[in-house]
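The structure appears below as structure tokens.
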Number of protein chains: 2
Amino acid sequence: MIEDYESFREDLRLSTENIIREVYHENRDRISIKTETTVVRNLTRIIESTLRLANSKGFHAMTLRDLCADSGLSMGGLYSYIRNKDDLIHLIQSHGFIITRKTLSHYIAEAKTVQERLYAAIKAHLYLSELMRAWFYFSYMEVKSLPAPDKRDAIAIELEIEDIFLSVIKDGISNGTYRLQNARLVASMIKALLQDWYLKRRKYRDQAISVEMYANFISEVIERYLTPPPPNGIHLTK
Amino acid sequence: MIEDYESFREDLRLSTENIIREVYHENRDRISIKTETTVVRNLTRIIESTLRLANSKGFHAMTLRDLCADSGLSMGGLYSYIRNKDDLIHLIQSHGFIITRKTLSHYIAEAKTVQERLYAAIKAHLYLSELMRAWFYFSYMEVKSLPAPDKRDAIAIELEIEDIFLSVIKDGISNGTYRLQNARLVASMIKALLQDWYLKRRKYRDQAISVEMYANFISEVIERYLTPPPPNGIHLTK
DNA sequence: GTCTATATAGGGATAGAC
DNA sequence: GTCTATCCCTATATAGAC
């Protein structure tokens, strides 16, 4: 069962170092340094700096000199963690993929009713993107410039996420919880609304909307749209 | 009153050349060529090629040599229309701003009831972004890398658009058409859904959703969310 | 493991011929 | 008004010292 945002945050915080370690092992062939603790420390810096710089000026506009200045490594030092600039992308992508897959599947599975599952999926995605906003933003903005294999992966994971929503909605329709509707279109809509949260974070901050409020808002919009009209013949839209 | 998509398209087609002409006059100081017909012809090519290339690989990753190859101009030729690469952005931005302002205000003003106005605004925005998808996509993706003044303009026009929706919703709430809700949040949502149409165009094409279908879908979602419950005490959500 | 110094190419920008 | 040839800087990438 998915808890409140604060416990979610705490859970995730504990696992981040493990994830960097996994990133290291997955990219061993590209990294010439052998001491694990050193690698983890520097990879963390590199990933953080890359996300910060790429998200503010664009990945291609960020120079490796910028990155060195921001992360505290030298050019030579940096190049013992990557073979070329594109490897940075790969590093970032593996990092996010690992976390996203683990987290979403973990939190969504357990809920019982269709409504609960939908709400859980929305919350898990929002909470995750709130904590990993930089990664989600990067992935969205840079897909088009990713090297082909990374691009395929990025598109695949997008689809996985959309399918989570799609299957919940379909279940709801077939068991009568929801009225008959174009399920895929509704799933698309949910995804667009979830994406807006991390793409336009400032907009919501300015309005003082918290992540919990936004989760409730989306859920209510969807429930109102999908809930069948009451049986006595009263219809909502004229 | 806003008509169907086809007539909308026809209306707009007629005015595009005039708009390029306006772009020329607005950027006279940066363009060293004097023959209007020549300028209009070449500006058209330049704008089209820039949008195509920048949208596929990112503005910063697009080289001016790419642009010359695609547009058919030489480097020297190109440089009689711009002073530097950033001027390209400015060209593109003025082009879109002029069209967007003109079109939206033109189509939205006339509708009478709140529902009609909301529907008209949604349709006008969708139809416009369908016809000028490349521009909308570019503006969204490149805001962060725009030179400061262009960035301000881009943010300002975003706000103008959001305010159009905001004011319609507020009107609806105050005259009782809609139930009391956080109007700004609803306006944000509408905007996110409109943006998804041009940001993820392929997704909708794959689902065979036409622009008219999408307009109706969004409108229905919003109306269902904002319409007050019937007076006899039956509530929609449990 | 990390740094400084350097090689090399690619891209923005311009001069000047036609 | 448009082209070709060229300048020059910047950014990626590497060699080799410590």
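Just so we're on the same page: letters track the sequence lines, and every chain starts at 1.
- Of the candidate nucleotides dT2(C), dG12(C), dT12(D), dT12(D) has the atom lying nearest to any side-chain atom of Leu64(A).
- Across the protein-nucleic acid pair, Asp66(B) atom CG and dG10(C) atom C1' stand 11 Å apart, rounded to whole Å.
- A straight line from NE2 of His60(B) to C1' of dT12(D) spans 14 Å, rounded to a whole angstrom.
- In the set dC3(C), dA13(C), dT14(D), dT14(D) carries the atom at the smallest distance from any side-chain atom of Met75(A).
- Looking at Asp196(A) and Lys203(A), a side-chain N of the basic residue comes within less than 4.0 Å of a carboxylate O on the acidic one, giving a salt bridge.
- Remark: Lys191(A) is not positioned above the aromatic ring of Phe136(A), lacking an NZ or CZ atom under 6.0 angstrom from the ring centre and at most 45 degrees off the axis.
- No side-chain donor-acceptor contact under 3.5 Å links Asp70(B) to the backbone of Ser49(B).
- For Arg45(B) and dG1(D), the CZ to P distance is 15 Å, given to the nearest whole Å.
- Backbone-only engagement by Thr35(B) is indicated by non-hydrogen atom pairs under 4.0 Å involving sugar-phosphate atoms exclusively.
- We find that CG of Leu53(B) is positioned 12 Å from P of dG12(C), with the value rounded to whole Å.
- Regarding Met62(A), its CE atom lies at a distance of 18 Å from the P atom of dT10(D), rounded to whole Å.
- With dA13(C), dG1(D), dT12(D) as the candidates, the nucleotide lying closest to the side chain of Tyr79(B) is dA13(C).
- Of the two residues near DNA chain D, Arg65(B) and Lys34(B), the one whose nearest nucleotide lies more 5' is Lys34(B).
- Checking dT2(D), dG12(C), dT12(D) against the side-chain heavy atoms of Thr63(B) singles out dG12(C) as nearest.
- Rounding to whole angstrom units, CZ of residue Arg30(B) and C1' of dA13(C) are separated by 17 Å.
- Checking dC3(C), dG1(D), dC3(D) against the side-chain heavy atoms of Ser74(B) singles out dC3(D) as nearest.
- In this structure, Tyr214(B) contributes its side chain and Leu193(B) its backbone to a donor-acceptor pair below 3.5 Å.
- The side chain of Asn84(B) lies closest to dA13(C) when the candidates are dT4(D), dA13(C), dT2(C).
- The interatomic distance linking Tyr81(B) (OH) with dA13(C) (P) rounds to 18 Å, in whole Å.
- The side chain of Asn42(B) lies closest to dT2(D) when the candidates are dG12(C), dG1(C), dT2(D).
- Note: CG (Leu78(A)) to P (dG1(C)) measures 16 Å, nearest angstrom.
- Using a 4.0 Å heavy-atom distance criterion, Thr38(A) is classed as a sugar-phosphate-only contact.
- Atom CD1 of Ile31(A) and atom OH of Tyr81(A) lie 8.0 Å apart (nearest 0.5 Å).
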